[in-house]
There are 2 protein chains.
Amino acid sequence: MPKNCNFIEKLREVGLRPTKQRIKMCELLYSREKTFHFTINDLVKMISEQMNEKISLATVYNTVHAFEKKGYLKEISIDSHKSYFDTNTSAHHHFFDEDTHELIDCEESDIDKINIRKNITGKKINSVEVLVRIASDNQNQK
Amino acid sequence: MPKNCNFIEKLREVGLRPTKQRIKMCELLYSREKTFHFTINDLVKMISEQMNEKISLATVYNTVHAFEKKGYLKEISIDSHKSYFDTNTSAHHHFFDEDTHELIDCEESDIDKINIRKNITGKKINSVEVLVRIASDNQNQK
DNA sequence: AAACTACATTATAATAATTCTAAACTATTG
DNA sequence: CAATAGTTTAGAATTATTATAATGTAGTTT
């Protein structure tokens, strides 16, 4: 398993011990072609399905937050009822489908660079992100 | 109290009975010059301080959500740990101060109109909102 | 203005998401 | 391969929110 070695190194870099639970999480999170969005619940389900042993909720919370703190995951607040995480940690924009509660990444090219005219003294801009809320367009179909 | 009459009318329009708790909430929310942001907790505290009688948490939740459903308040999700509401219900942009967790409205003129190049078939755009995260700029001061 | 009725308010219980805790376990180091 | 420092775990605690059911009250009817 050469891939796991990468995950072990990755965990070490971050200062976390490469336990089998964490390696499994890395596999699920970082071996996909495309980045994706998930909730803690999604992730627990995915892990439980793929491991013979169970994993504790607390472990998933702890590890996800450890990754987040180190910049390997990004939290996205959109829906006050759900916390989404994103394996794409760069600042980027989103579409949020209000029908399905699905989160969709915007490509760089989808939205022009945003120019902020206001300056707040003593403060620097950390990020600028756009959220485009979409919903099905039934009204106009008739 | 001519102002309260307006609140009574407002509540009636929305289909809510003008009880003293709700009138108090309206006073706090809608008699300011400027719109503002608050959490449910902030609001409960404000009400408790200004009324001799107590108000129940459940009443505040119910009424805030009733206002929100009718478009008299807007929920803003930024911080997964806190739910902010905004008395400015139009689509508008925000600064979020990551040091103080303070939410600041953007003026229309602060940000250019945003052009979305991507079209998602069968979906219409409900809103486009920008969140600018800011923090103190200590690094560059030295 | 008394009485009625539908809706509100309240305290409390229930639920859900998250964090804490302390005991058992395991990866690393020497 | 034993010591130890960090990890996992189940379950308890905490926090935010919603549901419930008894009591209260605004608005209408008489």
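Chain letters run A, B, ... following the sequence lines, proteins first, then strands; residues in each count from 1.
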request  = Could you tell me the separation between the CZ atom of A/R133 and the CD atom of A/E98, rounded to the nearest 0.5 Å?
outcome  =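 Separation between the atoms: 5.0 Å.
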message = Just verifying a value: how many Å separate A/I76 CD1 and A/F96 CZ, rounded to the nearest 0.5 Å?
response =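 The distance works out to 10.5 Å.
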Could you check whether any side-chain heavy atom of [X] comes within less than 4.5 Å of a side-chain heavy atom of [Y], counting everything from C-beta outward?
X     : Y      : result
B/F85 : B/K74  : no
B/F95 : B/D105 : no
A/M25 : A/F7   : no

ask   = Taking OP1 and OP2 of C/dT18, is either one under 4.0 Å from a side-chain nitrogen or oxygen of A/H65?
value = no
query = Does A/Q21 make a side-chain N or O approach to OP1 or OP2 of D/dT9 shorter than 4.0 Å?
reply =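 It does, given that an N or O in the side chain of A/Q21 lies less than 4.0 Å from OP1 or OP2 of D/dT9.
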message = Please give me every residue in residues 72-80 of chain B whose heavy atoms get under 4.0 Å of an atom in DNA chain D, ordered by residue number.
response =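 DNA chain D contact set from residues 72-80 of chain B: none.
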Would you check if there is a donor-acceptor pair between the side chains of [Y] and [X] at a distance under 3.5 Å?
X      : Y      : result
B/T63  : B/Q21  : no
B/H101 : B/D79  : yes
B/D86  : B/H92  : yes
B/N119 : B/T121 : no

Every protein N/O within reach of nucleotides 23-30 of chain D N/O, cut-off under 3.5 Å:
{"residue": "D/dG27", "atom": "OP1", "partner": "B/R12", "partner atom": "NH2", "Å": "2.3"}

For atom [atom1] of [X] and atom [atom2] of [N], their distance in whole Å:
X     : N      : atom1 : atom2 : result
B/L57 : C/dA14 : CG    : P     : 18 Å
B/N62 : C/dT12 : CG    : P     : 17 Å
A/R22 : D/dT7  : CZ    : C1'   : 6 Å
B/I23 : C/dT9  : CD1   : C1'   : 14 Å

Full working for side-chain contact (heavy atoms from CB on, under 4.5 Å) between B/Y30 and B/K10 = CA-CA 10 Å; B/Y30 302 115; B/K10 183 168 195 166; 3.5 Å; yes
task = Name the nucleic acid region contacted by A/I55, choosing base, sugar-phosphate or nothing; use a 4.0 angstrom heavy-atom cut-off, strictly under.
result =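 Sugar-phosphate only.
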Listed nucleotide nearest any side-chain atom of A/L16, set D/dT7, D/dT8, C/dA11 =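 Given the options D/dT7, D/dT8, C/dA11, the side chain of A/L16 is closest to D/dT7.
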Report all interatomic pairs (protein N or O, nucleotide N or O of nucleotides 15-17 of chain C) with separations under 3.5 Å.
none

query = Between A/F36 and A/R32, is there a cation-pi geometry (under 6.0 Å to ring centre, at most 45° from the normal)?
reply = yes
